[in-house]
Amino acid sequence: MTLFYHFDETRPLVGRLAMGIEYDGTRFSGFQRLKHAASVQQAVEDALEKVASAPVRIHASGRTDSGVHATRQVIHFDPPVQRSEKAWIFGSNTYLPRDVAVRWVKPVSDDFHSRLGALGRRYRYILLNQISRPVLERHNVTWCRDPLDADVMHRAAQALVGEHDFSSFRAAGCQSKTPWRQMHFVEVKRYGPIVVIDIQGNAFLHHMIRNIAGALASVGRGAQDEGHIERLLALRNRRKGDVTAPACGLHFVDSLYDERFDLPKEPLGPNLLAFTGEWTGERALPDNPRIAARRKLTFKKPEPLEQKEASS
């Protein structure tokens with residue numbers, strides 16, 4: 001996929017649709033729809049409903065927390081009507097608030113599921129490491145005025161790679177049935193004043209990446225030594241963990257799926273890091289049983305309610 005391409009205006013898209021969403025999470029209380037606060041899901045569903053002139057329910061590749069951003073949140077939905085590619089993209093963006101945008105839409109087979117079919121998820125946590133506080137980047141980075149040693153942070157972070165019990169890095173209110181997660185890679189790199197924690201895994205616990213970022217920042221400042229992360233993992237106790245880093249520095253940048261779905265490839269984001277040149281899908285996924293099993297999963301499209309009633 002190039003940065004610019006022609007949207008089809010005439011051919012109606014048929015069947016299940018996958019869609020790429022970008023959003024600034026600053027004013028949202030996370031992705032998932034809530035009764036008491038603004039959510040990204042509600043904003044997207046309301047916009048799609050206006051395009052379709054009928055209710056639309058979406059499913060997302062991940063549920064980002066309050067204040068967390070995304071450059072490649074992948075959703076899917078079964079549209080009640082047929083619209084062209086341009087209508088879904090331009091029409092939705094017309095009704096979406098300025099801090100949410102549809103980037104692309106693509107027909108997919110009925111066995112595609114944005115959450116259950118994801119082989120991996122990737123986040124980038126961005127620290128602006130300088131003496132003065134940020135101005136233009138203030139909503140999209142976490143400011144750290146103490147010098148950070150990115151090389152030491154990177155070495156410490158390698159203890160996270162593989163399958164582990166991440167109890168020391170999960171929020172107290174995390175509802176996951178298991179603290180075990182598998183990390184594909186964790187990298188810490190410096191680009192001038194920007195320090196990026198780049199992490200990919202099968203899935204993540206509530207506040208897991210922000211807790212990892214807080215602990216790695218302690219290592220980078222010299223408040224903790226290089227073995228800090230490995231010791232925290234072994235403790236399996238959040239009460240003995242480190243601080244939770246702010247949400248503003250966290251970006252959901254990729255969801256990975258089996259190649260048969262042929263989803264569009266695009267720069268990982270955020271645009272603040274476009275100069276690094278890495279595009280979606282360039283890295284091979286680990287060859288392990290968990291991913292192999294997920295590739296084989298199929299997800300049956302639910303029958304319409306009236307069809308179920310007729311067959312009962």
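The chain is numbered in sequence order, starting from 1. These numbers come from a predicted model, not from an experiment.
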Contact between [X] and [Y] at the side-chain level, heavy atoms closer than 4.5 Å - yes or no?
X: F90; Y: E85; result: no
X: L119; Y: R295; result: yes
X: R283; Y: F185; result: yes
X: I197; Y: Y123; result: no
X: I126; Y: P270; result: yes
X: D146; Y: R221; result: yes
X: P193; Y: N129; result: no
X: F31; Y: F252; result: no

Does [atom1] in [X] sit with more than 12 non-hydrogen atoms of other residues, nucleotides or ligands closer than 6.0 Å?
X: Q175; atom1: CD; value: no
X: R190; atom1: CZ; value: yes
X: R260; atom1: CZ; value: yes
X: N237; atom1: CG; value: yes

Hey, is the main chain of [Y] close enough, under 3.5 Å, to the side chain of [X] for a donor-acceptor pair?
X: R294; Y: L116; value: yes
X: S92; Y: I89; value: no
X: R210; Y: A245; value: yes
X: N271; Y: A274; value: no
X: R124; Y: G269; value: yes
X: T280; Y: K265; value: no
X: R16; Y: D110; value: yes
X: D8; Y: R11; value: yes
X: S84; Y: A87; value: yes
X: R83; Y: V51; value: yes

| request: Take Q41 and R57 through the side chain to side chain contact (heavy atoms under 4.5 Å, CB included) test and state the conclusion after the steps. | output: CA-CA 9 Å; Q41 182 178 359; R57 178 66 184 273; 3.5 Å; yes
Could you check whether [Y] and [X], counting side-chain N and O atoms only, form a donor-acceptor pair closer than 3.5 Å?
X: N202; Y: H184; answer: no
X: T26; Y: R138; answer: no
X: S61; Y: Q73; answer: yes
X: S218; Y: D242; answer: yes
X: Y125; Y: T142; answer: yes
X: N211; Y: T244; answer: yes
X: R103; Y: T71; answer: no
X: W180; Y: E163; answer: no

Indicate, with yes or no, if [Y] and [X] share a hydrophobic cluster defined by side-chain heavy-atom contacts under 4.5 Å among Ile, Leu, Val, Met, Phe, Trp and Tyr.
X: L232; Y: I199; value: yes
X: L235; Y: M208; value: yes
X: F28; Y: V74; value: yes
X: V40; Y: I209; value: no
X: M153; Y: V196; value: no

| task | Determine the interplanar angle of the F275 and Y191 rings, folded into 0 to 90°, and report it as parallel if under 30°, tilted if 30 to 60°, perpendicular if over 60°. | result | perpendicular
For [X] versus [Y], what's the shortest heavy-atom pair and its separation?
X: P179; Y: L205; value: O-CD1, 3.7 Å
X: S66; Y: A247; value: O-CB, 3.3 Å
X: D254; Y: R72; value: OD1-NE, 2.8 Å
X: A159; Y: L233; value: O-CD1, 3.2 Å
X: V56; Y: P80; value: CG2-CD, 3.8 Å
X: I229; Y: A156; value: CB-O, 3.6 Å

| message | Between V44 and V100, is the side chain to side chain contact (heavy atoms under 4.5 Å, CB included) condition met? List the steps. | response | CA-CA 8 Å; V44 174; V100 187; 4.1 Å; yes
| message | Test salt bridge (Lys or Arg N to Asp or Glu O under 4.0 Å) on R231 and D225; report intermediate values, then the result. | response | CA-CA 10 Å; R231 290 193 298 272; D225 62 27; 2.9 Å; yes
| field | Verdict with supporting geometry, R181 and H164, side chain to side chain contact (heavy atoms under 4.5 Å, CB included) | value | CA-CA 6 Å; R181 294 292 186 271; H164 304 283; over 6 Å; no
Look up atom [atom1] in [X] and atom [atom2] in [Y], then write down how far apart they are to the nearest 0.5 Å.
X: H76; Y: L263; atom1: NE2; atom2: CG; value: 12.0 Å
X: F261; Y: L256; atom1: CZ; atom2: CG; value: 13.0 Å
X: F166; Y: L160; atom1: CZ; atom2: CG; value: 5.0 Å
X: I21; Y: S114; atom1: CD1; atom2: OG; value: 10.5 Å
X: L268; Y: L273; atom1: CG; atom2: CG; value: 9.5 Å
X: F204; Y: D65; atom1: CZ; atom2: CG; value: 12.0 Å

| query | Any salt bridge between E278 and R122, counting N to O under 4.0 Å? | reply | yes
| said: Between R27 and D99, does any NZ, NE, NH1 or NH2 come within less than 4.0 Å of an OD or OE carboxylate oxygen? | reply: yes
| message | Assess the residue pair L272 and I194 against the criterion (side chain to side chain contact (heavy atoms under 4.5 Å, CB included)); give the C-alpha distance rounded to whole Å, side-chain angles, the decisive distance to 0.1 Å, and a yes or no. | response | CA-CA 10 Å; L272 185 65; I194 298 173; 4.1 Å; yes
| field | F7 ring center within less than 6.0 Å of W88 ring center | value | no
